[in-house]
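Worksheet: one structure, shown below.
Note that the structure is a prediction, hence the values are computed from the model and not measured.
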Amino acid sequence: MAVNTFVKDCDDPNPLIRALAVRTMGCIRVDKITEYLCEPLRKCLKDEDPYVRKTAAVSVAKLHDINATLVEEQGFLDSLRELLGDSNPMVVANAVAALTEINESSSTGKPLIEMDTATINKLLTALNECTEWGQIFILDNLSSFNPKDDREAQSICERITPRLAHANAAVVLSAVKVLMKYMEMMGQDTDFVTNISKKLSPPLVTLLSSEPEVQYVALRNINLIIQKRPDILKHEMKVFFVKYNDPIYIKLEKLDIMIRLTSQANIAQVLSELKEYSTEVDVDFVRKSVRAIGRCAIKVEQSAERCVSTLLDLIQTKVNYVVQEAVVVIKDIFRKYPNKYESIIGTLCENLDTLDEPEARASMIWIIGEYAERIDNADDLLESFLDNFNDENSQVQLQLLTAIVKLFLKRPTDTQELVQQVLSLATQDSENPDLRDRGFIYWRLLSTDPAAAKEVVLAEKPLIAEETDLLEPTLLDELICHIASLASVYHKPPTAFVEGKVGLKKMLPARAGDTDSEQEAAGATIIPEPGSLIGDL
């Protein structure tokens, strides 16, 4: 009886009643009702009133969720596609939203909206007049369209650019996503791309004056954008300086972005900020600030000396966790600039007794082993670690074993007893297979061919890279296509965190003239991070 009433109400002269009737029937998630819903829904999709049509469009998506086969058989998908050309922008927006939702739940992953020039023009016309959520759905669909040439891409970009001034952060980020994709298709050095880059900066900066939760989402997206195009925000370093009342998650994200934007031009400003942060009360933030100083030294070679003297000043504060982080980053600086800053080793050795964290102890041991020939009492320093060898963290044990073998190869006469002691501890008393294997390899190398051991253990090491935490290029391209979604916050593709996610993998289009670099990339092998290897195993 209730269903009959709804069916009757779908013919009511009042459009509000008609819309409410079709909406209510769509919300009753019972299979038996779906067959009664088909006829009224078909009428409402062709209703003279736009409010009824837009409500009917959403009801199609709800019906598809209950019975997908019925929607396809009854031809509702074709009716939705017809609504894309509707004169009312709200109807167009709802039709796009419904088709997008149906597309995401579809098992085929085949796009339901055929994105041709005519459809694009209809969507762009509706874009200016529909609600903010309608705009987001339209912009998301525009991002999956590949213009046939630069001229068409520029025309679409010009019509989308006004969305950057919208009050809603989601609309702004969706517009940024479309522009980032289209900029990739055009040549790097065109005036148009430079102009768009300048226009992208103010809206992204404005997002950072929102409430902390929106700021965090904006910062995670900005992190991706500047990895792809650092020039967009290269003059906006000051907006990423940390405020005293920022939540910790905002502070850490801002620090990351500051390092990415650091250059010779702004390093002095950045270093004075980082030194200030190192006196804060929040331990996690202070640690990351000290690490950031080390990353600046590695990234901007001209400022390395300045960074090292800043780290030495921090070590003089004698604050335990600051000293430990400083030792860890100084080890990285030594790996980037070998034989350049050895004069500070004496200061580091003075703080040896205060180091109690595995990473800091392992870093200090590495420094002693690497520069053993310049430290007179290197054998005494390393021997002091041997007293509690079995209680040490495996990271420290492995580093200590290598450092003592290095010391032996550099000064064989007075360290023979020490090397035998560490090899026996590593191979006989340890239960760690990595440590045992490394111990046996060193033992056999030293006993069979000391010259070969010298070549292996004291070989020249490659310099560490400037940016070790950049996302892998293909992953970055995929994430740029998912700006303004959860994927851009997690920095993972949707398939990594949405169960049963199907559909086409979104990728940035290849730029004209990129074929050579693509062939080079195909020939190169990427060594995966240890974390990703573990996941594969």
Side-chain angles (χ1 to χ4, degrees), residues 294 315 320-321 323-335 338-339 341-342 344-448 450 452-462 464 530:
I315 288 173
N320 187 269
Y321 54 85
V323 173
Q324 311 222 45
E325 286 298 327
V327 169
V328 173
V329 296
I330 286 171
K331 178 204 74 174
D332 288 340
I333 292 170
F334 280 165
R335 288 182 62 196
N339 307 317
Y341 300 107
E342 285 73 59
I344 68 169
I345 291 174
T347 313
L348 299 179
C349 291
E350 286 168 21
N351 294 280
L352 197 61
D353 298 338
T354 62
L355 306 179
D356 53 15
E357 291 173 13
E359 195 176 1
R361 286 169 77 82
S363 298
M364 191 67 225
I365 291 166
W366 182 88
I367 292 168
I368 296 169
E370 192 68 14
Y371 298 100
E373 70 277 16
R374 302 182 196 190
I375 306 169
D376 297 335
N377 62 337
D379 49 345
D380 296 336
L381 294 175
L382 292 175
E383 196 169 357
S384 66
F385 286 99
L386 273 186
D387 298 340
N388 302 310
F389 185 80
N390 291 325
D391 300 330
E392 294 282 8
N393 181 284
S394 60
Q395 183 182 5
V396 178
Q397 290 177 334
L398 287 162
Q399 202 58 262
L400 188 54
L401 172 61
T402 303
I404 290 175
V405 170
K406 281 180 186 173
L407 175 65
F408 172 71
L409 290 168
K410 289 172 182 178
R411 288 163 39 186
T413 48
D414 51 350
T415 54
Q416 197 152 357
E417 202 176 308
L418 188 62
V419 81
Q420 282 181 331
Q421 191 184 347
V422 77
L423 287 172
S424 128
L425 282 168
T427 54
Q428 289 165 28
D429 301 350
S430 173
E431 292 179 5
N432 181 343
D434 292 340
L435 184 64
R436 264 204 321 270
D437 287 355
R438 191 182 289 195
F440 281 126
I441 288 169
Y442 284 154
W443 204 319
R444 280 169 196 160
L445 266 174
L446 292 170
S447 58
T448 54
K454 214 165 194 168
E455 278 180 39
V456 171
V457 181
L458 302 179
E460 198 172 314
K461 293 159 196 67
I464 60 172

**Study point:** Any N351 side-chain heavy atom under 4.5 Å of V327 side chain
**Key:** no
Review point. Between C349 and L381, does a side-chain contact (heavy atoms from CB on, under 4.5 Å) hold up when you go through it step by step?
Key: CA-CA 8 Å; C349 291; L381 294 175; 3.9 Å; yes
Review point. With sequence neighbours excluded, what pairs up with E342 under the side-chain contact (heavy atoms from CB on, under 4.5 Å) test?
Key: N339, I345, Y371, R374
Exercise for review: Give a yes or no on this: more than 12 heavy atoms of other residues, nucleotides or ligands lie within 6.0 Å of atom CG of D414.
Suggested key: yes
Practice item. Start with the C-alpha distance between T402 and Y442, add both sets of side-chain angles, then the distance that settles side-chain contact (heavy atoms from CB on, under 4.5 Å), and finish with yes or no. Key: CA-CA 8 Å; T402 303; Y442 284 154; 3.1 Å; yes
**Study point:** N393 CG to L400 CG distance, which is reported to the nearest 0.5 Å
**Key:** 12.0 Å
Exercise for review: Compare every heavy atom of A453 with every heavy atom of L445, then report the nearest pair and how far apart it is.
Suggested key: CB-CB, 3.9 Å
Practice item. Find the distance between CD1 (I365) and NZ (K331) and round it off to the nearest 0.5 Å. Key: 11.5 Å
**Study point:** Interatomic distance, R335 atom CZ to I367 atom CD1 [nearest 0.5 angstrom]
**Key:** 11.5 Å
Revision key, fill the gap. dist L386:CG -> Q397:CD (nearest 0.5 Å) comes out at 10.5 Å
**Study point:** Nearest atoms (heavy-atom pairs only) where P450 meets L409
**Key:** O-CD2, 4.2 Å
Point to revise | Minimum heavy-atom distance between S430 and L435, given as atom pair plus value | key: OG-CD2, 3.4 Å
Exercise for review: Determine which pairs satisfy salt bridge (Lys or Arg N to Asp or Glu O under 4.0 Å) with at least one residue from residues 345-370, sequence neighbours left out, and list them in order.
Suggested key: R287-E357, R291-E359, R361-E392, E370-K406, E370-K461
Exercise for review: Please report the shortest heavy-atom distance between A372 and A378, naming the atom on each side.
Suggested key: O-CB, 4.0 Å
Review point. Of all heavy-atom pairs between G369 and A403, which one has the smallest distance, and what is that distance?
Key: CA-CB, 3.8 Å
**Study point:** Counterpart residues, side-chain contact (heavy atoms from CB on, under 4.5 Å), relative to S384 (two or more places apart)
**Key:** none
Point to revise | Sub-4.5 Å side-chain heavy-atom contact between L352 and F385 | key: yes
Review point. Would a 4.5 Å heavy-atom cut-off, applied to side chains only, mark L423 and L401 as touching?
Key: yes
Practice item. Decide yes or no on side-chain contact (heavy atoms from CB on, under 4.5 Å) for I330 and L348, but give the supporting numbers first. Key: CA-CA 9 Å; I330 286 171; L348 299 179; 3.7 Å; yes
Check your understanding: Would you call T427 and W443 a side-chain contact if the rule is heavy atoms closer than 4.5 Å?
Key -> yes
Check your understanding: Just wondering, more than 12 heavy atoms not from E431 lying within 6.0 Å of its CD?
Key -> no
Check your understanding: Below 4.5 Å, heavy atoms only, C-beta onward: do L418 and V422 meet side chain to side chain?
Key -> no
Practice item. Return the minimal non-hydrogen interatomic distance between R411 and D379, and the atom names on each side. Key: NH2-OD1, 3.6 Å
Check your understanding: K454 side chain to K410 main-chain N or O, any donor-acceptor pair under 3.5 Å?
Key -> no
Review point. At what distance, to the nearest 0.5 angstrom, does CD1 of I344 lie from CD1 of I315?
Key: 6.5 Å
Exercise for review: Go through Q421 and F389 one step at a time and tell me if the side-chain contact (heavy atoms from CB on, under 4.5 Å) criterion holds.
Suggested key: CA-CA 11 Å; Q421 191 184 347; F389 185 80; over 6 Å; no
Review point. How long is the span from the CG atom in N432 to the CG atom in L398, to the nearest 0.5 Å?
Key: 6.0 Å
Review point. Under 3.5 Å, is there a donor-acceptor pair between the Q324 and N320 side chains?
Key: yes
